[in-house]
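The structure appears right after this line, and notes come after that.
For the numbers below, each heavy atom of this structure counts, side chains included, while hydrogens, waters and symmetry mates do not. Quick caveat: nothing in here was measured; it's all calculated off a predicted structure. Every chain is numbered from 1 and lettered A, B, ... according to where its sequence line falls, protein lines coming before strand lines.
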Protein chains: 2
Amino acid sequence: MLSQTVEYALRAVVHLAQHAPKPQKTAEIAATTQVPPAYLSKVLQGLRAKDIVKLQRGVGGGVTLAAAPADLTILDVVNAVDPIKRITTCPLDLKSHGVRLCTLHRRMDNAIMEMERAFRSTTLEELLKDPDQSVPLCDG
Amino acid sequence: MLSQTVEYALRAVVHLAQHAPKPQKTAEIAATTQVPPAYLSKVLQGLRAKDIVKLQRGVGGGVTLAAAPADLTILDVVNAVDPIKRITTCPLDLKSHGVRLCTLHRRMDNAIMEMERAFRSTTLEELLKDPDQSVPLCDG
DNA sequence: ATAAAACAGGACCTTTACATCTGCTTTGGT
DNA sequence: ACCAAAGCAGATGTAAAGGTCCTGTTTTAT
């Protein structure tokens with residue numbers, strides 16, 4: 001449904017939001033989020049390319065969010081690593097369906113739209129503040 | 001987002017619903033739905049395994065829906081070939097998150113739930129009857 | 001019986017996602 | 001200047017999804 005890479009990316013940014021604005025080392029993030037360290041490095045590079053995180057080399061360097069947790073939605077992160085692609089034109093290239101999708105593809109796109117909306121409606125900050133649930137990535 | 005196989009399966013069952021209850025040959029379905037014939041054969045075998053379609057060999061055989069279009073939802077078809085998997089337990093196996101998901105995974109599951117609901121709310125029959133849209137798989 | 005129509009199923013190939021490894025470059029402290 | 005800490009980049013490996021092909025087996029009509 002959602003790719004493994006999306007799951008990893010979300011864990012990472014949540015960890016960063018929890019510790020903002022202190023830079024976190026990739027290895028630290030990998031350990032607490034249970035993501036393969038070498039692969040996390042690639043995922044983070046993808047996030048940097050879309051200006052979700054900043055990466056700093058050298059002693060005392062590490063990873064930080066490029067924006068405040070209140071300004072980053074789950075959708076931003078998802079779209080950075082594995083963009084949600086809406087159905088905007090007929091997948092069969094039927095001329096008459098071009099813009100006005102058939103009932104099948106309209107329904108499919110509606111479902112995708114619902115998911116998109118759910119992701120857009122939550123910021124990282126909200127994830128940290130919800131008092132009603134357990135804290136992401138933290139046991140106990 | 002949704003697998004190619006899901007897209008193919010939906011095209012096939014829509015075609016079947018349009019022509020129900022007349023059996024359709026796999027090659028016919030493949031042609032009008034623009035799905036690779038050999039691969040469609042595999043997809044249909046998956047649908048048969050979940051009792052979505054019936055396959056009949058020999059002269060005059062072909063593929064038919066196992067139920068009335070009014071009794072089959074999009075979700076039935078999707079789940080038959082590529083089941084939507086809700087998040088029910090903590091992916092990190094944190095003990096305290098086991099049943100009560102953290103905010104991150106709760107939101108992710110909510111998004112998946114929205115998509116699931118969108119798919120469950122439409123039957124094949126409704127797809128064929130919507131007067132407001134163009135007809136699935138048909139040009140003009 | 002036989003032949004033709006249709007699906008069945010296994011072996012195989014290709015592409016993409018997931019993941020690792022190794023050596024390099026940048027950075028800051030001494 | 002030097003060294004250790006961190007990320008960087010590219011090659012490589014592995015597994016799953018998507019797709020093809022070939023040879024069977026079942027069914028019906030004649």
Between [atom2] of [N] and [atom1] of [X], the distance in whole Å:
{"X": "B:L55", "N": "D:dT28", "atom1": "CG", "atom2": "P", "result": "14 Å"}
{"X": "B:E28", "N": "C:dC7", "atom1": "CD", "atom2": "C1'", "result": "14 Å"}
{"X": "A:L44", "N": "C:dT20", "atom1": "CG", "atom2": "C1'", "result": "16 Å"}
{"X": "A:L40", "N": "D:dG7", "atom1": "CG", "atom2": "P", "result": "9 Å"}
{"X": "B:L47", "N": "C:dC7", "atom1": "CG", "atom2": "P", "result": "14 Å"}
{"X": "B:Q34", "N": "D:dG18", "atom1": "CD", "atom2": "P", "result": "18 Å"}
{"X": "A:L16", "N": "D:dG7", "atom1": "CG", "atom2": "P", "result": "11 Å"}
{"X": "A:E7", "N": "C:dA19", "atom1": "CD", "atom2": "P", "result": "11 Å"}

Distance-only donor-acceptor test, A:K42 side-chain atoms vs D:dG7 base atoms, 3.5 Å | no
In sequence, state the C-alpha distance, the side-chain angles, and the governing distance for B:L92 and B:H105, and then conclude on side chain to side chain contact (heavy atoms under 4.5 Å, CB included).
-> CA-CA 10 Å; B:L92 287 84; B:H105 291 113; 3.7 Å; yes
State, with a plain yes or no, whether a side-chain heavy atom of B:T32 is found less than 4.5 Å away from one of B:Q24.
-> no
Quick one: are A:N110 and A:R106 in side-chain contact, heavy atoms under 4.5 Å?
-> yes
For nucleotides 16-18 of chain C, list the nitrogen or oxygen atoms of the protein found under 3.5 Å from its nitrogen or oxygen atoms, one pair per line.
residue: C:dC18; atom: OP1; partner: A:Q4; partner atom: N; Å: 3.1
residue: C:dC18; atom: OP2; partner: A:T5; partner atom: OG1; Å: 2.6

Shared ILVMFWY cluster between [X] and [Y], side chains joined below 4.5 angstrom?
{"X": "A:I84", "Y": "A:V13", "result": "yes"}
{"X": "A:L47", "Y": "A:L2", "result": "yes"}
{"X": "A:M113", "Y": "A:L101", "result": "no"}

First encountered from the 5' end of DNA chain D, between B:A38 and A:A27 =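 With A:A27 and B:A38 compared, the 5'-side residue is A:A27.
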Minimum heavy-atom separation for A:P136 to B:T103, with atom names?
-> CG-OG1, 3.1 Å
Is there any protein nitrogen or oxygen under 3.5 Å from a nitrogen or oxygen in nucleotides 4-6 of chain C, and what are the pairs?
residue: C:dA6; atom: OP1; partner: B:K25; partner atom: NZ; Å: 3.3

OP1 or OP2 of D:dC8 sitting under 4.0 Å from any side-chain N/O of A:R48?
->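 Answer yes for this pair, as a side-chain N or O of A:R48 is under 4.0 Å from OP1 or OP2.
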Say whether, by atom type as modelled, one donor and one acceptor occur between the side chain of B:R11 and the main chain of B:T33 under 3.5 angstrom.
-> yes
When you check the gap from the basic side-chain N to the acidic O, do A:R117 and A:E114 get nearer than 4.0 Å?
->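 Judged by the 4.0 Å cut-off on N to carboxylate O distance, A:R117 and A:E114 do form a salt bridge.
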